[in-house]
Amino acid sequence: MKHITLLICALIVTGVVSAQSSTVKHDNGDNTVTITRVTPKRVNQHDLRLGVGTPSLGMALFMTTYSDNYYPDKSFREQILNTKTYEAGSYFTGIYSLSYAYHSRRWLQCGVTVNFGAVITPTRHVESKKVVSRDMHYMVSLMPSFRFVYLYREKVQLYSTVSVGFAAGSGMALPWADLTLIGCTFGRKLFGFVELGSLTGIGGCGRVGIGYRIDSKKRR
């Protein structure tokens, strides 16, 4: 028991010492002056991020259309028009995100994230090939976010993020949660980031983007 207690005390002392940096100076006499600098726990920073994400299962749920179920019987005029036009294929715009976060602590950043994505299907005329109309199915979400940083450096940060809020699309709105399994930023004021999200995440399975930190040099 005594050995265990000594080991725990040694680990605590080691952790305290590792969080500090000491500088030794010598005065004009024979005395030695030791100046200890403690790493601040609070960071006064704000950051704005703009990113784009890949498709995910959560995104697909809110971009699915059910219009054919509501209007199964088409009129004679609609059937004639359909013979003169055709759907040119759908394309995905990507999931775009805009987020703000405040660095309340070195290990915690709180903020809010807005996501938007769409799938667009153009309809073209058979003869002229001109676009007659565009059918768009979109998804939008608004989520407070909590970012947990487990590696904090001047140029590199590693973190995970939990977001909980609402998502809407295809005529429905649901409470939803998003998760960033692991994320990495690289840079100081102007930085880039790469994130790996969950399959059900609204922001996409993978995300990349750029960001800007405000007051990055001010700490207390």
Side-chain angles (χ1 to χ4, degrees), residues 7-26 32-56 58 94-117 141-165 176-220:
L7 179 60
I8 294 175
C9 293
L11 291 175
I12 295 175
V13 172
T14 303
V16 173
V17 172
S18 63
Q20 301 175 349
S21 59
S22 300
T23 303
V24 179
K25 294 183 178 181
H26 298 276
T32 300
V33 179
T34 302
I35 302 175
T36 302
R37 296 183 177 89
V38 180
T39 302
K41 294 182 179 180
R42 189 174 182 85
V43 180
N44 185 22
Q45 283 185 350
H46 309 263
D47 75 40
L48 296 173
R49 300 189 183 193
L50 179 64
V52 59
T54 60
S56 66
I95 303 177
Y96 298 95
S97 62
L98 177 64
S99 64
Y100 160 80
Y102 172 63
H103 300 214
S104 59
R105 293 290 189 272
R106 294 176 70 90
W107 61 273
L108 178 62
Q109 301 170 8
C110 304
V112 63
T113 302
V114 177
N115 295 303
F116 174 83
S141 67
L142 176 63
M143 297 185 174
S145 302
F146 302 91
R147 192 177 299 143
F148 302 94
V149 182
Y150 45 84
L151 176 63
Y152 190 102
R153 295 292 184 270
E154 285 291 335
K155 294 184 178 180
V156 178
Q157 295 180 14
L158 296 179
Y159 57 89
S160 297
T161 306
V162 177
S163 304
V164 180
W176 207 262
D178 199 354
L179 177 65
T180 299
L181 302 177
I182 183 171
C184 177
T185 64
F186 41 91
R188 291 184 178 176
K189 282 192 173 183
L190 182 64
F191 62 92
F193 67 90
V194 179
E195 296 179 347
L196 176 63
S198 60
L199 292 176
T200 58
I202 293 298
C205 295
R207 308 158 196 165
V208 296
I210 59 173
Y212 185 78
R213 294 189 180 100
I214 303 172
D215 298 331
S216 61
K217 296 298 183 181
K218 296 181 180 180
R219 293 182 175 83
R220 57 184 179 181

Query raised in the report: Quick one: does Val194's side chain get under 4.5 Å of Phe186's, heavy atoms only?
Result: yes
Query raised in the report: Are Glu195 and Arg49 within salt-bridge range, i.e. N to O under 4.0 Å?
Result: yes
Report summary line: Distance col, row Leu196:CG vs Arg207:CZ, nearest 0.5 angstrom, shows 8.5 Å
Report summary line: dist Gln109:CD -> His46:NE2 (nearest 0.5 Å) comes out at 11.5 Å
Report task. Please answer whether the main-chain N or O of Tyr152 pairs with a side-chain N or O of Trp107 as donor and acceptor at a distance below 3.5 Å. Result -> no
Query raised in the report: Roughly how far, to the nearest 0.5 Å, is CG of Leu108 from NE2 of His103?
Result: 10.0 Å
Query raised in the report: Sub-3.5 Å donor-acceptor pair from the side chain of Ser160 to the main-chain atoms of Leu181, do we have one?
Result: yes
**Report entry** Asn115 and Ser141 side chains, donor-acceptor separation under 3.5 Å
**Finding:** yes
Query raised in the report: Does the side chain of Thr113 pick up a donor-acceptor pair with the side chain of Ser145 at under 3.5 Å?
Result: yes
Query raised in the report: Under the side chain to side chain donor-acceptor pair (under 3.5 Å) test, which residues partner Tyr212, sequence neighbours left out?
Result: none
Query raised in the report: Do Leu142 and Val112 come within less than 4.5 Å of each other through their side chains, counting heavy atoms only?
Result: yes
Query raised in the report: Could you give the distance from OG (Ser163) to CZ (Phe146), rounded to the nearest 0.5 Å?
Result: 8.5 Å
Query raised in the report: Do any N or O atoms from the side chain of Arg188 and from the backbone of Glu154 form a donor-acceptor pair under 3.5 angstrom?
Result: no
Query raised in the report: Do Met143 and Thr161 come close enough that some side-chain heavy atom pair is under 4.5 Å?
Result: no
